[in-house]
Amino acid sequence: MGALGDEEFRAEVRAFIAAELPSDMASRTLLGYHPHKPDVEFWTAKLDKRGWAALNWPVEYGGTGWSITKRHIFDEECYLAGCPAVNPQAFHLVGPIIYAIGNEAQKNFFLPKIRSGEHFWAQGFSEPNAGSDLAALQTRAVREDDEYIVNGQKIWTSEAQYCDWVFCLVRTSTEGRKQAGISFLLVDLKAPGITIRPIIGIEGGHVLNEVFFEDVRVPVANRIGEENEGWTYAKQLLGAERTFSAVVPRCKGLAVRTRAIASRDGSKGRGKLIDDPHFARRLAQLEIELMAHEATLARVVAEEEAGVNQHSPTPSILKVKGTELLQKLGALAIEALGDSAIPDYPEADYLLDPPNDAPGAPAAYGVVSDFLYHRSATIYGGANEVQRNIIAAQLLRA
Amino acid sequence: MGALGDEEFRAEVRAFIAAELPSDMASRTLLGYHPHKPDVEFWTAKLDKRGWAALNWPVEYGGTGWSITKRHIFDEECYLAGCPAVNPQAFHLVGPIIYAIGNEAQKNFFLPKIRSGEHFWAQGFSEPNAGSDLAALQTRAVREDDEYIVNGQKIWTSEAQYCDWVFCLVRTSTEGRKQAGISFLLVDLKAPGITIRPIIGIEGGHVLNEVFFEDVRVPVANRIGEENEGWTYAKQLLGAERTFSAVVPRCKGLAVRTRAIASRDGSKGRGKLIDDPHFARRLAQLEIELMAHEATLARVVAEEEAGVNQHSPTPSILKVKGTELLQKLGALAIEALGDSAIPDYPEADYLLDPPNDAPGAPAAYGVVSDFLYHRSATIYGGANEVQRNIIAAQLLRA
Amino acid sequence: MELHFLPTEEQAMLRDSVRRWAAGRDVRAAGDQQVDWAYGAEQGWLMAGLPEEAGGLGGSDADSAVIAEELGRALVRTGFVESGMVAAQLLLAIAPERAEEIAMGGVQPVLAHDEPGMRACYLNVTTRAENVEGGWKLSGRKSAIVGTPTSLVVSARMPDAAVGLFEISAEDAPLRSYETFDGRTGGELTLEATPAELLLVGKPAESALLEAIDRALVLESAEALGAMEAAFDMTRDYLMTRKQYGQLIGEFQALRHRIADMFIELEQARSILVIGLGGLAGSNPQERARLAAATRARVAQAGQFVCGQAIQLHGGIGVTDEYPVGHFFKRITAFAARHGGEARQVERFAELS
Amino acid sequence: MELHFLPTEEQAMLRDSVRRWAAGRDVRAAGDQQVDWAYGAEQGWLMAGLPEEAGGLGGSDADSAVIAEELGRALVRTGFVESGMVAAQLLLAIAPERAEEIAMGGVQPVLAHDEPGMRACYLNVTTRAENVEGGWKLSGRKSAIVGTPTSLVVSARMPDAAVGLFEISAEDAPLRSYETFDGRTGGELTLEATPAELLLVGKPAESALLEAIDRALVLESAEALGAMEAAFDMTRDYLMTRKQYGQLIGEFQALRHRIADMFIELEQARSILVIGLGGLAGSNPQERARLAAATRARVAQAGQFVCGQAIQLHGGIGVTDEYPVGHFFKRITAFAARHGGEARQVERFAELS
């Protein structure tokens with residue numbers, strides 16, 4: 001459904017992708033495995049050359065200046081075509097904070113390196129005892145002249161193992177409410193005193209990490225905004241990306257893939273699973289839910305552009321609904337695979353050079369892995385329980 | 001499924017019902033309308049004559065002394081055959097309290113009159129500001145010589161309009177915790193100072209009432225147990241009836257009826273709705289859930305008889321699962337009816353003398369009314385939210 | 001397909017005016033349907049969606065949806081949607097010369113198309129039309145008629161199996177009226193060689209009929225959306241008023257999450273209505289039908305959850321006839337039962353995909 | 001049908017002994033499957049459900065279920081259920097003279113019946129048996145084989161279309177082993193005129209096969225029940241340990257209601273297992289199949305909810321390979337995907353009703 005119109009623009013995006021995206025990269029991405037760094041670097045550079053890397057940034061910082069509608073179309077086309085996703089922490093999280101709050105030196109140094117793909121960024125927010133209750137964080141930064149000495153630990157740091165920088169919330173004061181006394185620092189991941197320990201996910205992949213800081217020296221010049229005001233900046237950042245957390249393109253891709261899986265000959269006895277009315281209607285049900293969800297996103301986008309209805313708890317709704325749909329679709333995809341879901345399909349073997357006697361079915365590659373990985377979707381970025389707290393708080397304020 | 005075995009006993013019950021139950025009474029009951037008092041009186045008397053009225057009571061008080069298993073079989077057969085239900089407040093609630101806590105005079109006076117159907121009882125617990133938080137009740141009983149003077153209001157009093165007595169929780173002291181200072185009184189509904197105001201339900205029926213007490217004089221002899229100990233007795237009473245709140249026979253009846261509704265010729269286009277695999281499987285799903293629920297009831301019954309696993313929060317589970325299944329089955333029955341569900345089928349007209357040009361379909365009589373009435377099933381007897389609190393409290397106690 | 005996510009200024013004004021009118025109504029009672037009808041006709045509600053040259057106000061179905069939503073919010077029982085927006089528009093398309101009469105509310109038509117067990121197999125018409133001595137006579141049974149029509153637009157199977165649309169005036173129609181469980185007026189028509197005027201036949205009749213059905217699916221969904229909004233608002237207020245255990249019940253996290261879930265569903269319903277209206281405004285009948293089916297299914301699902309939980313969060317008072325919230329639940333229950341039920345509409349969506 | 005809701009004293013002892021053995025295991029790793037197998041054989045786990053005259057311990061499938069539940073609790077990867085309880089019992093019924101070898105664990109058979117896309121259309125066998133020079137050769141593809149069998153019991157279609165059961169020793173079988181996503185050993189068999197010994201043919205073969213399948217459905221459900229119990233217990237403990245916002249997360253009402261819902265589902269699974277076992281003990285094959293399908297479906301539904309929410313309530317730590325809870329989720333996900341999925345088992349239940 002082209003709920004957002006603008007078919008001309010859509011065609012331009014398609015043509016660009018068709019011309020520039022190598023097919024092996026596309027198939028790797030479409031299978032739903034974790035991003036492959038060389039692919040992301042390659043594609044970020046291509047986008048940057050065309051001026052399309054920082055699609056959510058204002059033109060003055062090298063962004064596209066596109067309307068949210070256009071960005072959504074672009075995202076959707078990229079997703080469905082299998083373009084590698086640019087480093088999201090850089091483009092969606094720290095980038096906008098740097099251009100909104102950062103000083104000139106920070107903007108000039110960091111923003112171009114994000115756009116070109118030279119700097120990959122990680123997010124250092126959560127700590128072992130500060131998950132849903134993020135403000136309870138304890139990593140300390142003590143000022144010594146023009147440096148902070150940072151000690152502590154971050155956890156659930158996505159992709160830290162191949163990132164260059166990490167933006168952190170650190171405690172610079174223990175006075176007052178716990179939300180006060182937090183500062184926002186940009187830290188070079190190659191700095192001495194940083195140790196990265198991988199956390200392997202239940203899908204077997206390495207996305208998450210623990211990051212340990214032992215007397216890490218960070219120039220005061222790398223602090224964003226004022227000391228002890230980091231919580232305010234972080235909240236701004238977490239609320240901003242409505243569209244990103246709605247995972248609409250990913251859900252659409254999964255619905256299409258599920259239909260394809262269920263349409264294989266012999267997927268149910270001697271027939272096709274998709275011809276089983278019960279299965280077909282459960283898939284249709286999810287497609288309808290997805291249609292309503294996508295329309296909600298489009299409506300929020302339209303409201304945002306028009307500057308109306310700003311106090312509705314819609315970002316949380318988009319996150320809750322999108323991630324729950326993603327999990328439901330994943331479960332239906334596995335059901336459609338049936339026994340073919342069972343083998344563990346290790347990434348490298350199957351993608352780059354699948355053996356001739358490979359067990360299972362190519363239709364299954366990556367489906368279970370993606371499903372297992374996305375159990376985290378209802379947990380990260382503010383667990384869905386926290387999102388429901390936020391929705392209720394907005395609805396029930398007197 | 002005869003999950004409980006004992007087929008011989010089941011046959012005996014069936015034979016009794018076949019011999020004694022008038023068919024108009026059976027059809028009236030099976031349609032799911034609210035109990036018709038003359039039917040209940042008739043049937044209670046029949047049961048009493050056979051010695052089967054107080055099936056859950058010990059033999060010494062004129063009960064059957066049956067195992068819980070036998071009671072369950074009996075209940076199920078009665079329900080499926082359309083026997084009117086005996087006054088539940090009398091047999092399931094106050095009766096057991098009278099024989100367990102009451103004195104000899106109370107036992108001798110009240111119990112035979114319950115068994116014979118001479119006394120119908122209402123329950124006076126809830127108040128306008130004491131619903132889920134029952135212990136917040138405020139109806140006062142002030143002692144004056146050998147009488148209490150009762151003032152206050154009860155609400156949601158089922159069937160008060162045709163009951164003879166009401167058992168009430170009243171406040172006899174305001175000292176200490178709110179649970180202390182509550183007494184358990186038996187009150188003659190014909191006593192001066194009592195006013196009953198009907199509450200019409202969303203289904204249009206009159207089951208509920210408000211009961212107002214204005215200087216109502218209640219003999220101290222009608223107090224159950226000790227003064228200020230009423231909360232303990234009430235808790236005993238609310239926890240006792242595991243099987244009653246599981247609504248298994250009612251759910252089974254509704255599943256059978258839903259299947260019949262969906263099996264009508266032309267219920268979907270020119271075919272039958274039951275031949276639609278999607279509908280058939282959703283009904284099968286509920287039948288499976290019901291099977292698991294019934295087996296849970298049977299397991300709890302077996303555990304209770306064996307005296308094991310007594311601290312499991314199973315009564316709450318049975319109530320939650322049973323009432324939620326009842327509502328799901330009701331919704332599916334309405335879906336099966338489709339347009340035929342829409343006319344309002346007033347009780348008396350249709351049951352006793354349906355007009356020749358009656359709109360809708362006889363298959364629909366009582367289905368919507370029953371569905372609407374049972375929105376209350378997840379609210380009364382401790383709302384399902386309260387039941388989940390209870391379950392969690394038992395699971396999470398250190 | 002172009003979608004309109006934001007109300008126009010005119011729609012906002014229209015919404016306000018309907019809401020002001022409905023504000024004082026008792027949602028528990030039907031009110032005087034004749035008075036309502038006359039008022040609505042005067043306000044132009046019947047014609048909101050019609051072009052000016054057809055005697056309308058030059059708006060679109062989206063304008064009708066705004067009105068329908070507000071009527072649903074107030075649980076208005078009069079068949080504005082069924083008669084004023086669906087059947088009148090169908091009649092007008094066939095008989096444009098009657099525009100003025102229809103626009104003024106002088107005729108209150110209703111579409112008698114459903115048959116017992118049709119279950120949204122819309123072309124499964126079994127009512128038969130026979131040509132007897134130059135006139136048409138219909139035989140069959142029509143169900144689920146809403147309101148107190150002055151004129152019935154009846155579908156029937158022609159001798160050559162094509163679909164025909166006929167008109168029967170209410171005084172000639174053997175209409176058996178009854179009260180519906182949600183307090184509206186319903187009716188069944190038992191036709192036994194009943195004389196009828198032929199309006200349209202064959203493919204044009206079928207197209208007009210299917211468009212009217214899709215319009216009914218979508219605009220009734222708008223009405224249902226309004227009903228669920230009102231039930232939601234009432235529940236939110238109750239959570240901030242009612243105390244138990246010494247605190248507002250809206251402070252209990254389990255109930256907070258429930259109202260959050262209700263709001264999520266409400267927003268889904270609101271969004272998919274835009275999709276359904278986009279389908280009505282489009283030019284592809286199959287796509288229109290597909291999106292109308294999706295809209296109907298999704299709104300029915302959301303409505304049953306929202307209004308069911310509205311009762312649950314109210315507790316005892318919610319199941320009484322005296323309190324409004326149960327009346328919204330009944331309206332949504334009836335809405336969901338009609339047109340074959342939500343599962344059937346999901347099936348139609350899948351068939352049309 | 002007689003149902004046994006309470007464990008016997010012997011079953012309680014059996015449960016304790018298996019639980020003691022499993023207590024020290026790391027649920028995140030498969031362990032040494034040969035060692036496990038030898039231990040289980042020695043303990044009589046393979047024979048728990050067999051009458052003494054067949055070399056068993058004189059118990060019933062209910063005893064096997066007790067063992068299976070405890071094995072599931074510890075996420076034991078070895079195919080005790082698939083090989084020891086299902087295939088061995090099938091082989092024994094056909095070849096009672098091999099009782100001692102089987103009971104001692106000297107042969108580890110497995111049933112190779114599933115085929116890609118069979119999806120629990122169990123009689124849809126496409127593997128073909130041909131008689132070549134007095135011996136049998138099989139051609140076709142068998143999937144979803146569990147464990148490291150020494151012997152394969154293979155179903156195939158005879159030249160006259162009857163079902164035949166064959167045996168192929170593992171060394172002669174073109175078995176391609178792989179690791180499953182839940183850390184077990186899986187296998188596929190690609191038969192190309194592979195020589196096989198005929199065990200049984202026609203109706204007796206079909207009956208024996210269907211009984212083995214129902215036993216697999218039910219006993220694997222017992223194993224899944226154990227897995228979900230362990231995930232539940234772990235989550236309950238976590239709620240009473242983990243703090244956020246200065247309080248135990250088990251004090252948040254929304255999470256309290258969630259654990260209550262998990263417990264409700266767990267209890268439903270526990271109960272329907274009794275029904276499934278009742279079916280196995282009964283004498284009516286259709287009823288046995290119907291109840292086995294219901295059991296499988298209900299346990300799969302409960303398991304996916306319980307283990308999914310177990311991860312959710314753990315938060316971040318729940319999605320790591322290092323923490324046990326995700327491993328239970330993977331086992332249940334694989335369990336639910338097999339045998340056609342829960343929806344297919346609901347369909348079978350409906351077909352058999």
Side-chain angles (χ1 to χ4, degrees), chain A residues 126 128-133 135-136 155-156 199-205 208 264-273 276 278-279 282 327 331-332 334-346 357-361 368-369 371-376 378-380 383-385 388-389, chain D residues 114-121 124 126 143-144 146 174 176-184 186-188 190 242-246 249 252 254-255 258 304 308 311-323 325-327 329-330 333-334 336-344 346-347:
Chain A
S126 295
N129 289 308
S132 287
D133 181 13
I155 195 168
W156 318 126
I199 300 174
I200 303 303
I202 56 173
E203 83 289 2
L208 303 171
R264 292 171 305 155
D265 279 329
S267 53
K268 183 176 178 187
R270 286 173 198 177
K272 293 176 183 176
L273 182 60
D276 171 349
H278 184 56
F279 183 88
R282 287 187 298 136
Q327 293 182 349
L332 200 64
I334 292 181
E335 181 181 328
L337 286 170
D339 285 344
S340 312
I342 306 297
D344 188 34
Y345 299 102
D357 62 344
V368 170
S369 162
F371 171 74
L372 293 173
Y373 175 67
H374 280 110
R375 292 315 299 186
S376 63
T378 49
I379 294 170
Y380 62 49
N384 285 15
E385 288 78 8
R388 286 187 166 87
N389 288 346
Chain D
D114 278 342
E115 299 179 1
M118 175 181 276
R119 198 170 283 277
C121 301
N124 196 6
T126 62
S143 60
V146 172
R176 161 86 160 96
S177 286
Y178 54 84
E179 196 182 358
T180 69
F181 72 78
D182 59 331
R184 303 185 74 187
E188 284 180 349
T190 304
R242 169 78 172 170
K243 287 189 171 185
Q244 288 279 277
Y245 301 102
I249 61 173
F252 289 102
L255 305 195
R258 195 84 53 82
Q304 288 171 98
I311 289 185
Q312 183 69 21
L313 295 192
H314 274 85
I317 200 176
V319 296
T320 66
D321 184 67
E322 212 175 328
Y323 195 84
V325 76
H327 295 269
F329 180 73
K330 289 201 274 189
T333 302
R338 287 209 48 201
H339 282 286
E342 36 146 315
R344 169 66 187 134
V346 174
E347 182 182 23

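Values below: all heavy atoms of this structure, side chains included; hydrogens, waters and symmetry mates excluded. Convention: sequence-line order gives letters A, B, ...; per-chain numbering from 1.
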For this session: Give a yes or no on whether the backbone of D:Gln244 and the side-chain of A:Asp133 come within a donor-acceptor separation of less than 3.5 Å.
Result: no
Problem set entry | Options A:His278, A:Arg375, A:Glu203, ranked by heavy-atom pairs under 4.5 Å with chain D, top entry | A:Arg375
For this session: Please examine the side chains of A:Asn129 and D:Arg242, heavy atoms only from C-beta on, and report whether any two atoms are closer than 4.5 Å.
Result: yes
For this session: Determine, stepwise, if the pair D:Glu347 / A:Asp276 fulfils side chain to side chain contact (heavy atoms under 4.5 Å, CB included).
Result: CA-CA 10 Å; D:Glu347 182 182 23; A:Asp276 171 349; 4.1 Å; yes
Problem set entry | side chain to side chain donor-acceptor pair (under 3.5 Å) partners of D:Arg119, counting only residues at least two apart | none
Exercise. Hey, which of A:Asn389, A:Leu273, A:Ile155, A:Leu208 has the most heavy atom pairs under 4.5 Å with chain D?
Worked result: A:Leu273
Exercise. Considering residues at least two apart in sequence or located in another chain, which fulfil the side-chain contact (heavy atoms from CB on, under 4.5 Å) criterion with A:Thr378?
Worked result: A:Thr323, A:Glu324, A:Gln327, A:Asn384, D:Gln312
For this session: Examine whether an atom of D:Tyr323 lies under 4.5 Å from a heavy atom of chain A, and if so say whether it belongs to the side chain, the backbone or both; otherwise answer neither.
Result: neither
Exercise. Is there a side-chain contact between A:Phe371 and D:Thr333 (heavy atoms, below 4.5 Å)?
Worked result: yes
Problem set entry | Which atoms of A:Leu372 approach chain D - backbone, side chain, both or neither, heavy atom under 4.5 Å | side chain
Problem set entry | For chain A, the option from D:Gly326, D:Gly341, D:Gly316 that forms the most heavy-atom pairs under 4.5 Å | D:Gly316
Seminar exercise, completed: Looking only at A:Ala336, A:Ala361, A:Ala135, the option with the highest number of non-hydrogen pairs under 4.5 Å against chain D is A:Ala336
For this session: Please determine, among D:Ala343, D:Ser143, D:Cys121, D:Ala254, the option with the most heavy-atom pairs under 4.5 Å with chain A.
Result: D:Ala343
Problem set entry | Side chain, backbone, both or neither of A:Ala130 within contact of chain D (heavy atoms, under 4.5 Å) | backbone
Exercise. So which heavy atom on A:Ile342 is nearest to which on D:Ala334, and how close?
Worked result: CD1-O, 3.7 Å
Exercise. Under 3.5 Å, is there a donor-acceptor pair between the side chain of D:Tyr178 and the main chain of A:Tyr345?
Worked result: no
Problem set entry | Proximity breakdown for D:Ile249 and chain A, heavy-atom pairs closer than 4.5 Å | neither
Exercise. Taking atom CD of A:Glu335 and atom CD of D:Glu342, what is their separation to the nearest 0.5 Å?
Worked result: 6.0 Å
For this session: Could you check if a side-chain atom of A:Ile202 sits within less than 4.5 angstrom of a side-chain atom of D:Phe181, using non-hydrogen atoms only?
Result: no
Problem set entry | Option that, when pairs with chain A are counted at under 4.5 Å, heavy atom only, ranks first among D:Arg258, D:His327, D:Gln304 | D:Arg258
Exercise. Which residue out of D:Ile311, D:Thr126, D:Thr180 racks up the most heavy-atom pairs below 4.5 Å with chain A?
Worked result: D:Thr180
Problem set entry | Side chain / backbone / both / neither for A:Ile199 at chain D, heavy atoms under 4.5 Å | side chain
Exercise. Side chain, backbone, both or neither: which part of D:His314 has a heavy atom under 4.5 Å from chain A?
Worked result: neither
Seminar exercise, completed: In terms of heavy-atom pairs under 4.5 Å with chain D, the winner among A:Arg270, A:Arg264, A:Arg388 is A:Arg270
